[in-house]
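This is a predicted model, so every value here is computed, not measured.
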Amino acid sequence: RLEAASKDIDVLIAMNEHEAETLGKLKDIKAQLPLMFATGSKMFDGYRRDWQEGNLIMEEYDKVSDRVIAGVGSIGTIAQKNFASNVQEMQGMVDTSILTTIILIGVALAVAAFLGVFIARAIAKPMKDLALQAETIATGDLTVDVIQRSKDEVGQLAASFKQMVENLRQTIGQVGEASSAVASAS
């Protein structure tokens with residue numbers, strides 16, 4: 001049992017080699033173990049011989065075991081402090097992650113809004129220009145020069161308007177020539 005307990009403490013010592021306070025307490029406990037086991041065996045033998053002898057040895061055993069128990073308790077206190085510190089550190093990292101995420105979402109929303117406005121203007125401006133040109137044509141003014149700025153759907157619509165204006169100019173020109181021919185023939 002002593003060997004198993006010593007091995008277990010050696011594992012804990014290896015795990016806490018960078019924690020000076022815990023390491024010192026573990027070494028103290030390990031140093032007390034042989035005395036505690038020896039006193040426990042002595043107490044057991046004392047009880048087998050006589051209750052009073054066992055009780056006397058038990059007082060000695062209690063002193064040794066109290067030192068071990070106090071060492072274990074202080075390790076527990078140290079572990080609680082370390083745990084609280086680790087929790088605070090992790091909370092700080094979580095807070096930083098949340099803040100970073102909020103900032104990134106804000107930047108993404110701003111970029112999306114900017115792109116939305118840019119794309120909307122890129123579509124709306126040519127449509128508005130084309131609508132104004134169509135209104136001018138509707139009043140009978142065929143001197144409008146319809147400008148095609150792109151090859152997308154709005155650009156195709158502008159090209160169709162331009163072709164329509166050209167066709168109307170030719171048709172009106174032909175009608176004018178035909179009217180002049182009829183007027184000069186009469």
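Distance check, rounded to the nearest 0.5 Å: CD of Gln148 to CG of Leu157 gives 10.0 Å. Separation of atoms CG (Asn86) and CD (Gln91) is listed at 13.0 Å; rounding is to 0.5 Å. Distance CG/Asp95 to CD/Gln88: 11.0 Å, rounded to 0.5 Å. Interatomic distance, Thr39 OG1 to Gln32 CD, rounded to the nearest 0.5 Å: 9.5 Å. Summarising the geometry, atom OG belonging to Ser65 is positioned 10.0 Å from atom CG belonging to Leu35; distances are rounded to the nearest 0.5 Å. Taking CZ of Phe37 as the start and OG of Ser6 as the end, the distance is 7.5 Å to the nearest 0.5 Å.
Criterion: ILVMFWY side-chain heavy atoms under 4.5 Å apart, direct or through other members. Under it, Val144 and Leu168 are part of a common hydrophobic cluster. A single hydrophobic cluster is not seen to contain both Leu132 and Met127; linkage of ILVMFWY side chains at heavy-atom distances under 4.5 Å, directly or through other members, places them apart. Ile78 and Leu12 are assigned to two separate hydrophobic clusters, defined by single-linkage of ILVMFWY side chains at heavy-atom distances under 4.5 Å. Cluster membership check: Ile69 does not share its hydrophobic cluster with Tyr61, using side-chain heavy-atom separations under 4.5 Å among Ile, Leu, Val, Met, Phe, Trp and Tyr. Leu99 and Met90 fall into different hydrophobic clusters, defined by Ile, Leu, Val, Met, Phe, Trp and Tyr side-chain heavy atoms under 4.5 Å apart, directly or through other members.
When hydrophobic side chains of Ile, Leu, Val, Met, Phe, Trp and Tyr are connected at separations under 4.5 Å, Ile105 ends up clustered with Leu109. Other members of the hydrophobic cluster containing Ile98, listed by chain and number, are Val94, Ile102; membership follows side-chain contacts under 4.5 Å among ILVMFWY residues, whether direct or relayed.
In terms of modelled atom types and a separation under 3.5 Å, the side chain of Ser74 and the main chain of Gly71 share a donor-acceptor contact.
For Glu53, the side chain to side chain donor-acceptor pair (under 3.5 Å) test picks out Arg49, with sequence neighbours left out. Evaluation of the ring pair (Phe, Tyr, Trp, His ring centres under 6.0 Å) rule for Tyr47 yields Trp51 as partners, not counting sequence neighbours. With sequence neighbours left out, the side chain to side chain donor-acceptor pair (under 3.5 Å) criterion links Asp50 to no other residue. In this view, Lys27 satisfies the salt bridge (Lys or Arg N to Asp or Glu O under 4.0 Å) rule with no residue, not counting sequence neighbours. Partners of Lys25 according to the salt bridge (Lys or Arg N to Asp or Glu O under 4.0 Å) rule, which considers only residues two or more places apart in sequence or in another chain, do not exist here. Under the rule for a salt bridge (Lys or Arg N to Asp or Glu O under 4.0 Å), Asp62 has no partner lying at least two apart in sequence or in another chain. Residues meeting the salt bridge (Lys or Arg N to Asp or Glu O under 4.0 Å) test with Glu60, sequence neighbours left out: Lys42.
With a 4.5 Å cut-off on side-chain heavy atoms, Gln52 and Leu56 do not count as touching. Asn16 has its side chain within reach of Leu26: a pair of non-hydrogen atoms, C-beta onward, lies under 4.5 Å apart. The shortest side-chain heavy-atom distance between Ile137 and Val146 falls under the 4.5 Å cut-off.
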In a table with atom names and distances, give each donor-acceptor pair under 3.5 Å that connects a side chain of residues 170-182 to protein atoms at least two apart or in another chain.
| from | atom 1 | to | atom 2 | distance (Å) |
| --- | --- | --- | --- | --- |
| Thr171 | OG1 | Asn167 | O | 2.8 |
| Ser179 | OG | Val175 | O | 3.0 |
| Ser180 | OG | Gly176 | O | 3.0 |

Trace of the side-chain contact (heavy atoms from CB on, under 4.5 Å) decision for Ile29 with Arg67: CA-CA 8 Å; Ile29 291 170; Arg67 285 194 299 264; over 6 Å; no
Gln133 and Phe161: CA distance, side-chain angles, deciding distance, side-chain contact (heavy atoms from CB on, under 4.5 Å) verdict: CA-CA 9 Å; Gln133 292 169 349; Phe161 264 96; over 6 Å; no
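Applying the salt bridge (Lys or Arg N to Asp or Glu O under 4.0 Å) rule to pairs touching residues 157-175 yields Glu166-Arg169, sequence neighbours excluded. The salt bridge (Lys or Arg N to Asp or Glu O under 4.0 Å) pairs that include a residue from residues 138-158 are Asp129-Arg149, where partners are two or more places apart or lie in different chains.
Residue Leu130 comes nearest to Val154 through the heavy atom pair CD2-O, 4.4 Å, listed as atom of the first residue, atom of the second, then distance.
Other residues, nucleotides and ligands contribute only 12 or fewer heavy atoms inside 6.0 Å of the CE atom of Met15.
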